Amino acid sequence: MAAQQQHHFRTLSEEHGPFHIIGDVHGCFDELQLLLKQLGYTVAFDEQVQRYVTTVPGSYKVIFVGDLVDRGPNSPEVLRLVMDMMEQGVAYCVSGNHDDKLYRMLLGHDVQIRHGLELTAAQLEPYDQAFRQRLIDFLGSLPHHLVLDDERLVVAHAGLEEHLHKRNSKGVRALCLYGPTTGGKDERGLAVRLDWAAEYCGKAVVVYGHTPVHVPSWRNNTINIDTGCVFGGTLTALTYPEYALTEVPALKKYAESVRPFILYPQHAPHSS
Ligand code: MN
């Protein structure tokens with residue numbers, strides 16, 4: 001069943017929250033644990049079954065915006081924790097471009113092992129085939145976007161324009177994972193990204209990551225919560241529906257950022 005899901009969105013209308021939505025983790029396992037602790041979760045490792053057991057504050061669930069892996073120091077344990085939380089029914093996750101590339105590598109596809117994937121591949125070496133198979137099933141099951149709370153909330157790794165919400169196609173999936181680009185490359189050879197959120201005028205709140213920002217700020221009912229932890233920034237959680245931000249600083253700078261962080265002009269907090 002798993003491998004087909006990846007090409008779908010998932011609707012969870014009856015999930016009204018409250019949620020903690022967490023930005024790009026990129027293998028920053030220590031910071032993820034610190035953030036969860038700060039939010040009131042407890043995480044314990046059960047040696048017997050090699051699984052994390054999580055308790056949650058109240059009725060909260062976690063939603064990850066994707067890019068769990070690459071560049072950081074411990075992608076395998078981030079994956080294990082997220083998989084275990086999902087199996088416990090206390091977390092959801094959408095696929096990010098890095099998660100998808102790891103998935104394709106694990107399937108044996110010919111992918112370029114760079115941009116931090118070389119670190120994840122090395123970190124996975126001590127793990128057995130059963131764990132790798134579990135990763136394949138998990139990564140293959142991740143939707144490209146989630147629609148929650150009676151369509152009031154959309155979570156997609158790189159965000160998503162309103163008219164593409166609840167749509168399935170290769171193009172929509174690519175937009176969820178990579179965001180819109182001009183088709184051109186910049187002086188560093190990176191795809192030039194388009195600022196879809198500047199034009200957004202949808203009713204649903206869209207929470208996303210993908211492009212590191214110094215400070216999350218509301219723009220037209222959207223908010224980017226990737227605060228570049230792996231690049232020495234912070235790991236951020238957004239509560240829903242109260243829209244409070246919680247962040248923990250990176251314990252160190254694990255990678256040089258390839259793009260400058262975006263600094264948006266500050267707006268008044270979301271209100272509606
Ligand atoms: Mn990312």
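We number each residue from 1, following the sequence as shown. Everything numeric here is computed off the predicted structure, so don't read it as measured data. For ligands, and for the atoms within them, numbers begin at 1 and follow the listed sequence.
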Exercise for the section: For the pair Tyr178 and His210, name the ring-plane relationship: parallel under 30°, tilted 30 to 60°, perpendicular over 60°. Expected result: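 The rings of Tyr178 and His210 stand perpendicular, inter-plane angle above 60°.
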
Problem - Geometric class of the Trp218/Tyr243 ring pair [parallel <30°, tilted 30-60°, perpendicular >60°] - result: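 Taking Trp218 first and then Tyr243, their aromatic rings stand perpendicular (interplane angle over 60°).
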
Problem - N, O or S of His26 under 2.8 Å from the Mn ion (ligand 1) - result: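 Yes, within the cut-off.
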
Exercise for the section: Using 2.8 Å as a strict upper limit, say whether an N, O or S atom of Asp67 approaches the Mn ion (ligand 1) that closely. Expected result: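 Of the N, O and S atoms in Asp67, at least one lies under 2.8 Å from the Mn ion (ligand 1), which means yes.
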
Handout entry: Side-chain heavy atoms of Trp196 within contact of Thr222, under 4.5 Å
Key =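 Yes, their side chains come closer than 4.5 Å.
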
Practice task
Taking the six-membered ring for Trp and the full ring for Phe, Tyr or His, determine whether the centres of His26 and Tyr254 are under 6.0 Å apart.
Solution key: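 No, they do not, as the ring centres are separated by 6.0 Å or more.
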
Problem - Atom of Asp24 nearest the Mn ion (ligand 1) (restricted to N/O/S, atom name only) - result: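 Checking each N, O and S atom of Asp24, the shortest distance to the Mn ion (ligand 1) belongs to OD2.
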
